Amino acid sequence: MSDVRVRFAPSPTGYLHIGGLRTALFNWLYARHEGGTFIVRIEDTDRDRSTDEAIDVILEGLRWTGLTWDEGPYRQTDRLDLYRQQAMGLLERGQAYWCICTTEELEARRKEAQATGQPLKYNGQCRERGITTPTQPAALRFKSPQEGETVVEDLIKGAIVFDNAVLDDLIILRSNGYPTYNFSVVIDDAMMGITHVIRGDDHVNNTPRQVPIFSALGYAIPKFAHLPMILGADKARLSKRHGATSVLAYQEMGYLPEALVNYLVRLGWSFGDQEIFSLTEMVEKFSFGSVQKAAATFNPEKLLWLNAEYMKQSDPKQVAHQLQPFLQQQGYDPNSPIQPQGGLEALVPPLRERARTLVEMVDWSLPYVIEPVVRDEAATKKFITPEIAPSLQKFVERGKALEPFTKETAEQLFHVILEEDGLKMGNLAQPLRVALTGRTTSPGIYDVMELLGKDRSMNRILEALQHVSSCGIVPTDA
RNA sequence: GUCCCCAUCGUCUAGCCUGGCCUAGGACGCCGGCCUUUCAAGCCGGCAACACGGGUUCAAAUCCCGUUGGGGACGCCA
């Protein structure tokens, strides 16, 4: 194992979203590529917005996509003493100071600065006050360097130069005693020996604020890699407005985790013209050098295509397994005798040519797993006609005697009847399809019959013929 | 407003670092055709981009500068 240590550090204020998952993925890929350690750390220092439910959901999302972690999940709220201790050290060494400006004052100043077009920067009012023992609520601020420049050597974007004059004296300890993000992240990255900070590029501007804290504390500065953002179709940062952004929502919509991950890795990373990568391949081929600098737009159509590709390439048994819970939601009972011939996995090869998600596949599956079949009225009326009824009748009579009843023997019978009755393929196939499945679209009818088996196939045709007889058009003794 | 980042088909991208092989390649989507018992799938073909302006050079998508456009950040959020 190499000494590379990376972390995914979500804040548990909501679900795991697409952007977060992509960040986690790139951390994971780099860790695995280098044989390093992937750490999960929950940044829950915002005690108003953090919830345990959110932690569960985030971890569940990570598990679903197979991004296994080696250490953690650590929680920052378990480490509060550590941050306070480090903050006090800074205070003692004169690298931090108490600030008694109230939130209201700060807010008012910000508003005014905004209105007059001034920089929205803390004015340093308390910097020289030298408050040693505050008698009112006070926050601790870090004395940021105000001269010179800070250069961040980003692994993706290259060197980024910041004039230190733009740096705020940022709050590191809130008046409630909790550390703020920019402080706890530094302490943890340092103490956990993080070697590479891989995060969204909405954090680039935080980097020059964090670097001086590492230095003030005497810690080594990690390497940074800032990933481009993922945008919605309107080019705005991906958010709820853009529809589903929760990772688990994709699970519910019937996406395969491997497909989602594959889609996400290609949002910002590429390897020549290759589109499809197994997890192993991604790990092997990943490098920061081929990570895009520009933001990417999330394209649900391409995700759909990839998902369809994965369903086609996966082991049918595996797909059937993933399909089952979705089917059960629609009333399928795995213990019922009503099963496709060959089991659920026999359904997968014909249906995956027609479905792009597991949810779509469920709809195609219904005729084979639910009795009685749901019949489309219009289709039945149109195709199950008095004219074709005798041929269907004949199909049943002879079909009953077929042994074995397979798609091959069904096909033979079909052709015999075509010839005898002088019919074209379409004349008989479409009525048969409607009789068997209740709908006008399905896999090839021989496949359908094999999936249904002899008894159910014959019964379905008979049921359909009832429709003709109940209309009183032709008598039938079926 | 200030700071930072970015810029190849509608979208994801290859090419850029190490200028000529680029008449700019692939993929999604779209359009057309083939196949065909329906719907798909599959196969074949088509439309479609180097943001703009200046340099540098024999030669620029590739290097430099500027403009424009887009994104991000500016919290006692993370």
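We name chains A, B, ... by the order of the sequence lines, and we start the count at 1 in each one. Remember, predicted model here, so these are calculated numbers, not experimental data.
- Closest approach to the K157(A) side chain among rC6(B), rG71(B), rC77(B) is made by rC6(B) (side chain taken as heavy atoms from C-beta onward).
- Checked for salt-bridge contact, D169(A) and R209(A) miss the test: no charged N lies under 4.0 Å from a carboxylate O.
- The base of rC39(B) has none of its N or O atoms less than 3.5 Å from a complementary donor or acceptor on the side chain of S442(A).
- Both tests do not hold together for R7(A) against F38(A): distance to the six-membered ring centre under 6.0 Å, angle to the ring axis within 45°.
- Here K302(A) pairs with E275(A) in a salt bridge; the nearest charged N to carboxylate O distance falls below 4.0 Å.
- I160(A) comes within contact range of the sugar-phosphate backbone alone, with a heavy-atom separation under 4.0 Å but no base atom that close.
- In this structure, the OH atom of Y446(A) is 11 Å from the P atom of rU38(B), given to the nearest Å.
- The CG-P distance, from D46(A) to rC77(B), rounds to 6 Å in whole Å.
- Among the heavy atoms of the strands lying under 4.0 Å from E309(A) are primed sugar atoms or P, OP1, OP2 only; no base atom is included.
- Summarising the base pairing, rG42(B) is matched to rC34(B) through a Watson-Crick or G-U wobble pair whose two defining distances lie under 3.5 Å.
- Close to rC39(B), at under 4.0 Å from its OP1 or OP2, lies no side-chain N or O of T440(A).
- Out of rC76(B), rC12(B), rA73(B), the shortest distance to the side chain of R237(A) is found at rA73(B).
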Intermediate values then yes/no, side chain to side chain donor-acceptor pair (under 3.5 Å), Q210(A) and N182(A):
CA-CA 6 Å; Q210(A) 293 166 7; N182(A) 275 306; 2.7 Å; yes
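- Here rA78(B) presents its P atom at 12 Å from OH of Y178(A), a figure rounded to the nearest Å.
- Pair assignment for rC50(B): none, as no Watson-Crick or G-U wobble contacts are both less than 3.5 Å.
- For rG71(B), the OP1/OP2 oxygens have no side-chain nitrogen or oxygen of K293(A) closer than 4.0 Å.
- The distance between atom CG of D48(A) and atom P of rA78(B), rounded to the nearest whole Å, is 10 Å.
- For rU68(B), the paired nucleotide is rA7(B), the pair qualifying as Watson-Crick or G-U wobble because both relevant distances are below 3.5 Å.
- At the heavy-atom level, T116(A) lies nowhere under 4.0 Å from the strands shown.
- When each of R209(A) and A294(A) is assigned the nucleotide of RNA chain B with its nearest heavy atom, A294(A) is the one assigned upstream, toward the 5' end.
- With distances taken from any side-chain atom of R354(A) to the nucleotides rU37(B), rC39(B), rG72(B), the minimum falls on rC39(B).
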Go through it in stages, so that I can follow the logic: the residues are N206(A) and H203(A), the test is side chain to side chain contact (heavy atoms under 4.5 Å, CB included), and I'd like the CA-CA distance, side-chain angles, deciding distance and then a yes or no.
CA-CA 5 Å; N206(A) 286 143; H203(A) 284 292; 3.2 Å; yes
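- A 3.5 Å limit on both hydrogen-bonding distances identifies no Watson-Crick or G-U partner for rC76(B).
- For the pair I198(A) CD1 and rA78(B) P, the computed distance is 22 Å after rounding to whole Å.
- Distances shorter than 4.0 Å separate some side-chain N or O of R174(A) from OP1 or OP2 on rA78(B).
- For rC39(B), neither phosphate oxygen OP1 nor OP2 lies less than 4.0 angstrom from any side-chain nitrogen or oxygen of R433(A).
- The aromatic rings of F224(A) and H226(A) sit parallel to each other, their planes meeting at less than 30°, with 60° as the upper class boundary.
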When you check every protein heavy atom under 4.0 Å of nucleotides 23-30 of chain B, what one-letter string (B, S, -) results, 5' to 3'?
--BBBSS-
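- At the heavy-atom level, L267(A) lies under 4.0 Å from the strands shown only through sugar-phosphate atoms.
- In this structure, R266(A) fails the cation-pi test against Y263(A), since its NZ or CZ atom is not both closer than 6.0 Å to the six-membered ring centre and inside 45 degrees of the ring normal.
- Among the heavy atoms of the strands lying under 4.0 Å from K312(A) are primed sugar atoms or P, OP1, OP2 only; no base atom is included.
- Here rA73(B) is the nucleotide among rC12(B), rA73(B), rA78(B) with the atom lying nearest to any side-chain atom of N205(A).
- At rU11(B), one or more side-chain N or O atoms of K235(A) fall inside 4.0 Å of OP1 or OP2 (strictly under the cut-off).
- As judged by a 4.0 angstrom heavy-atom cut-off over every strand, G289(A) is placed among residues making no nucleic acid contact.
- As rounded to whole Å, 14 Å separates atom P of rA73(B) from atom CD of Q210(A).
- S11(A) comes within 4.0 angstrom of the backbone, heavy atoms only, and of no base.
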Apply the test side chain to side chain contact (heavy atoms under 4.5 Å, CB included) to residues F286(A) and F26(A): give CA-CA distance (whole Å), side-chain angles for both, the deciding distance (0.1 Å), then the verdict.
CA-CA 9 Å; F286(A) 182 79; F26(A) 279 46; 3.7 Å; yes
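- For H203(A) and rC5(B), the NE2 to C1' distance is 15 Å, given to the nearest whole Å.
- Here R110(A) does not pair with E112(A) in a salt bridge; the nearest charged N to carboxylate O distance is not below 4.0 Å.
- Pair assignment for rC16(B) gives none, since no Watson-Crick or G-U wobble pairing has each distance under 3.5 Å.
- Separating the CD atom of Q114(A) from the C1' atom of rC3(B) is a distance of 14 Å, rounded to the nearest angstrom.
- Regarding contacts with the backbone of rG72(B), every side-chain N or O of R199(A) stays at 4.0 angstrom or more from both OP1 and OP2.
- Residue P443(A) is classed as a base contact, given a heavy-atom separation below 4.0 Å to a base.
- Among the protein residues, C99(A) comes within range of no part of the nucleic acid, since none of its heavy atoms lies under 4.0 Å from any strand.
- T180(A) has no side-chain polar atom (N or O) that falls below the 4.0 Å cut-off from OP1 or OP2 of rG75(B).
- Taking the nucleotide of RNA chain B with the nearest heavy atom to each of A296(A) and N176(A), the more 5' of the two is matched to A296(A).
- Base pairing analysis places rA24(B) opposite nothing; no Watson-Crick or G-U wobble pair with both distances below 3.5 Å involves it.
- In the set rA78(B), rA14(B), rC6(B), rA14(B) carries the atom at the smallest distance from any side-chain atom of Q292(A).
- Under a 4.0 Å N-O distance rule, the pair R439(A)/D363(A) qualifies as a salt bridge.
- Here R439(A) lies out of heavy-atom contact (under 4.0 Å) with every strand.
- Listed pair S270(A) / rA14(B) meets the phosphate criterion, a side-chain N or O lying under 4.0 Å from OP1 or OP2.
- Residue contacts for V161(A): at a heavy-atom cut-off of 4.0 Å it reaches the sugar-phosphate backbone alone, with no base atom in range.
- Across all strands shown, rA61(B) remains unpaired; no Watson-Crick or G-U wobble contact has both distances below 3.5 Å.
- Within the nucleic acid shown, N206(A) comes within 4.0 Å of at least one base atom, counting heavy atoms only.
- When atom types are taken as modelled, the side chain of E450(A) and the backbone of K407(A) share a donor-acceptor pair closer than 3.5 angstrom.
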